[in-house]
Amino acid sequence: MSTSSAPANLMDALVSLCKRRGFIFPSSDIYGGLNGFFDYGPLGVELKNNIKAAWWRDFVQRRDDMVGLDSSIIHHPTTWKASGHVDNFTDPLVDCKVSKQRYRADQLFWAAVNVETDEPFSITLTGLQSNHLGPDKYITLIGYVSALESERTNEELLEKAETLKRKKGIRGKLHPLVPNDFTYANTENIPFIPSPALGGINGIDKVDQLMPPRSFNMMFETYVGALRDDSAVAYLRPETAQGIFINFKNVLDTGRVKVPFGIAQIGKAFRNEINPRNFTFRSREFEQMEIEYFIAPDADWQKCHREWIDAGLAWLESIGLPRALLSEYAHPKEKLSHYSKGTVDIMFKFPFGVQELWGFAARGDFDLTQHQQFSGKSMEYFDEAAKKKYVPHVVEPSVGVDRILLAALCAGYAEDEAPDEKGKPEKRVVLRLSPRLAPVKVAVLPLVKNKPELVAVAEQLHAKLQRKHVVFYDQSGAIGRRYRRQDEIGTPWCVTIDFDTLANGTFTLRERDSMKQERIDEKTLFALLDEKLD
RNA sequence: GCGGCUGUAGUUUAACGGUAAAACCUCUGCCUUCCAAGCAGGUGUUCGGGGUUCAAUUCCCCGCAGCCGCACCA
């Protein structure tokens with residue numbers, strides 16, 4: 001067996017292959033591309049469809065407790081008020097003009113530093129303005145401190161305040177600090193607040209280091225109808241999940257479902273990412289496969305959560321992502337949204353780092369309750385067994401189609417060696433995609449094209465296979481070249497029609513990864529495909 | 001969004017202040033009895049816009065796009 005490895009600049013090789021062979025193109029390529037958008041070519045769309053089909057079959061059709069849904073991309077705008085996206089999908093960011101650092105306003109803490117004394121400071125001597133608080137009690141503002149959010153933000157602020165006091169040579173008692181995050185800063189105090197990158201300590205002089213917080217709304221806006229006024233504003237959905245929640249009642253009333261059950265949806269979602277990066281990994285338009293799995297409020301959500309994570313891991317392995325490249329990341333409790341009981345991500349080791357692939361959030365009854373409130377419609381479910389009404393809780397497995405596709409390409413791309421016709425080893429590029437995902441399942445190749453009888457048999461077999469599978473017919477060039485061509489696009493099998501085929505109906509089956517060949521007949525081939533593609 | 005680097009054919013790269021080249025890929029024909037063979041032929045390129053210049057793909061500016069780092073990623 002020859003050695004196989006991924007090149008150091010795997011992403012470059014992959015991007016090049018994707019374009020060269022028609023998997024993924026930059027969107028609007030002829031106009032110079034558009035940042036954060038991609039188009040899937042002839043092979044890319046097959047691969048993508050295969051991922052979606054496999055997921056849908058395994059998680060919807062092959063289960064008794066799942067139903068599907070395909071909601072519109074644009075929902076009633078109130079949907080996004082209820083979900084919190086209108087208010088929370090914006091992240092106010094603060095830029096430091098000097099260090100060029102950027103902070104999230106809600107993670108940047110600051111405090112005014114005041115000192116208590118029994119006599120006022122003399123303005124002329126110190127430049128400080130004291131305020132009279134009571135008998136023999138004066139309070140004086142001596143500066144500002146700042147620190148980034150951490151386990152010891154408050155201690156850090158306090159230390160900096162002490163340092164400031166010491167440096168200024170000021171005596172007196174430190175007035176208790178009142179730390180605020182930067183969303184509570186205003187034009188009055190922003191010029192005085194120091195940037196943490198520059199020490200985070202400042203006196204009472206204007207330093208103008210930080211910019212006022214700026215909001216970045218991640219939702220794409222559009223207008224429904226011809227009128228472009230505020231009442232017509234609508235959003236392209238930033239996630240498919242809300243389409244499921246707003247259809248919960250409809251599915252409940254018509255779908256003959258009983259808790260616990262899940263609703264699955266595959267569809268496009270849009271996020272105005274500040275900075276798309278890493279090929280298709282963070283795109284502004286992408287496709288999600290989401291499930292909302294509804295359970296009783298008193299059910300063991302942790303067990304359910306765990307089962308879905310395990311199901312996700314098993315499925316990813318089944319489509320060819322090696323377990324060694326997968327890991328789990330549990331979001332720290334303090335970072336969770338107030339309604340989330342727990343979120344675990346399945347991570348994948350991409351060439352550009354370990355990144356989130358599939359998120360599993362336990363969202364409680366937050367979403368349904370919100371929609372119940374905003375719509376005025378009951379989201380309650382009557383549980384026949386328990387004889388009671390409740391709003392179900394939910395576990396949400398959410399994964400990006402494009403990310404799985406990218407992960408499959410990254411995991412599958414390999415360069416190894418194959419002998420040429422003289423037996424000399426040559427470099428070979430091979431995409432080791434699992435047969436279920438491979439865009440082309442079989443290539444049918446007549447050994448030589450100038451023998452009409454071989455071509456005729458090959459064409460017949462091709463036509464027959466084509467009725468059930470994506471197959472490729474290729475008669476141009478030497479046989480080895482044609483094998484390599486298929487290796488590069490991940491075709492798992494090639495069948496070669498030769499002169500023995502005419503005599504006994506058998507042909508050569510050549511396997512992509514091992515390059516092994518065996519003689520089989522048509523019946524065996526179809527049986528093999530049925531088994532491996534199931 | 002900031003900083004650095006970059007942009008020539010589908011891909012990888014070369015060259016030049018005087019109007020662009022190679023390899024691979026792709027396509028056609030011939031040849032070919034199992035791992036990128038050979039011969040002949042064909043398509044196709046200076047990211048966009050401005051400026052300097054007699055002349056710009058080359059130098060300058062602005063956009064756009066990509067890569068790397070920082071920041072961000074509900």
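Heavy atoms only: backbone and side chains are in, while hydrogens, waters and symmetry mates are out. A note on names: the letters A, B, ... follow the listed sequences, proteins ahead of strands, and every chain is numbered from 1.
- Across residues 359-372 of chain A, not one residue has a non-hydrogen atom less than 4.0 Å from an atom of RNA chain B.
- Proximity note for A:Arg485 (side chain, C-beta onward) versus B:C34, B:U26, B:A36: the nearest is B:U26.
- A:Glu415 and A:Tyr413 share a side-chain donor-acceptor pair at under 3.5 Å.
- Atom C1' of B:C27 sits at a distance of 40 Å from the matching atom of B:C59, rounded to the whole Å.
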Let me have the donor-acceptor pairs involving side chains of residues 12-19 of chain A, under 3.5 Å, with sequence neighbours excluded, atom names and distances please.
from    : atom 1 : to      : atom 2 : distance (Å)
A:Lys19 : NZ     : A:Asp29 : OD2    : 3.0

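- Judged by the 6.0 Å and 45° rule, A:Arg284 forms no cation-pi pair with A:Phe220.
- Nucleotides B:U33 and B:C68 place their P atoms 48 Å apart, quoted to the nearest Å.
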Under 3.5 Å, which protein N or O atoms sit close to an N or O of nucleotides 31-33 of chain B? Give each pair with its distance.
from  : atom 1 : to       : atom 2 : distance (Å)
B:U32 : OP2    : A:Asn450 : ND2    : 2.6
B:U32 : O4     : A:Lys449 : N      : 3.1

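- Taking all atoms of both residues into account, the shortest heavy-atom contact from A:Pro439 to A:Leu43 is CB-O, 3.6 Å.
- When the nearest nucleotides of RNA chain B are assigned to A:Glu356 and A:Tyr483 by heavy-atom distance, the more 5′-ward of the two goes with A:Tyr483.
- Heavy-atom contacts from other residues, nucleotides or ligands closer than 6.0 Å to OH of A:Tyr223 number more than 12.
- Aromatic ring pairs are classed by plane angle as parallel below 30°, tilted from 30° to 60° and perpendicular above 60°; the pair A:Phe360 and A:His305 is perpendicular.
- Both tests do not hold together for A:Arg237 against A:Phe270: distance to the six-membered ring centre under 6.0 Å, angle to the ring axis within 45°.
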Report all interatomic pairs (protein N or O, nucleotide N or O of nucleotides 61-65 of chain B) with separations under 3.5 Å.
from  : atom 1 : to      : atom 2 : distance (Å)
B:A65 : OP1    : A:Asn35 : N      : 3.2
B:A65 : O4'    : A:Gly32 : O      : 3.2

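- Open room surrounds NZ on A:Lys349; 12 or fewer heavy atoms of other groups in view lie less than 6.0 Å from it.
- Considering every non-hydrogen atom in both A:Phe38 and A:Ser283, the closest pair reads CD1-OG, 3.8 Å.
- The aromatic rings of A:Phe245 and A:Phe294 sit perpendicular, their planes meeting at an angle over 60°, well past the 30° parallel limit.
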### Task
Starting at the 5' end of RNA chain B, write a dot or bracket for each base, bracketing those in Watson-Crick or G-U wobble pairs whose two distances are under 3.5 Å and using | for partners on another strand.
(((((((..((((....[..)))).(((((.......)))))....(((((..]....))))))))))))....
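- Separating the C1' atom of B:U8 from that of B:G44 is a span of 13 Å, rounded to the nearest Å.
- Ring geometry for A:Phe350 versus A:Phe352: interplanar angle under 30°, hence parallel rather than tilted (30 to 60°).
- When the P atom is used for both B:A22 and B:A15, the distance is 15 Å, rounded to whole Å.
- Taking atom P on both nucleotides, B:C60 is separated from B:C5 by 12 Å, rounded to a whole Å.
- Remark: the A:Thr240 side chain and the A:Glu290 side chain contain an N/O donor-acceptor pair separated by less than 3.5 Å.
- Taking atom C1' on both nucleotides, B:G7 is separated from B:A14 by 15 Å, rounded to a whole Å.
- Applying side chain to side chain contact (heavy atoms under 4.5 Å, CB included) to A:Phe472 and the options A:His462, A:Gln486, A:Arg482 leaves one that passes, A:Gln486.
- Taking the C1' atoms as reference points, B:A71 lies 37 Å from B:U45, given to the whole Å.
- The side chain of A:Arg481 places an N or O atom within less than 4.0 Å of a non-bridging phosphate oxygen (OP1 or OP2) of B:A37.
- B:A36 and B:C72 have their C1' atoms separated by 45 Å, with the value rounded to a whole Å.
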### Task
Output, in order, the C-alpha distance, side-chain angles, deciding distance and verdict of side-chain contact (heavy atoms from CB on, under 4.5 Å) for A:Thr501 and A:Leu461.
CA-CA 11 Å; A:Thr501 313; A:Leu461 180 63; over 6 Å; no
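- If you check the side chains of A:Asp521 and A:Thr506, you find no donor sitting under 3.5 Å from an acceptor.
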Distances for protein N or O near nucleotides 7-11 of chain B N or O, under 3.5 Å:
from  : atom 1 : to      : atom 2 : distance (Å)
B:U11 : OP1    : A:Lys19 : NZ     : 3.2
B:U11 : O3'    : A:Ser16 : OG     : 3.1
B:U11 : O2'    : A:Ser16 : OG     : 3.1

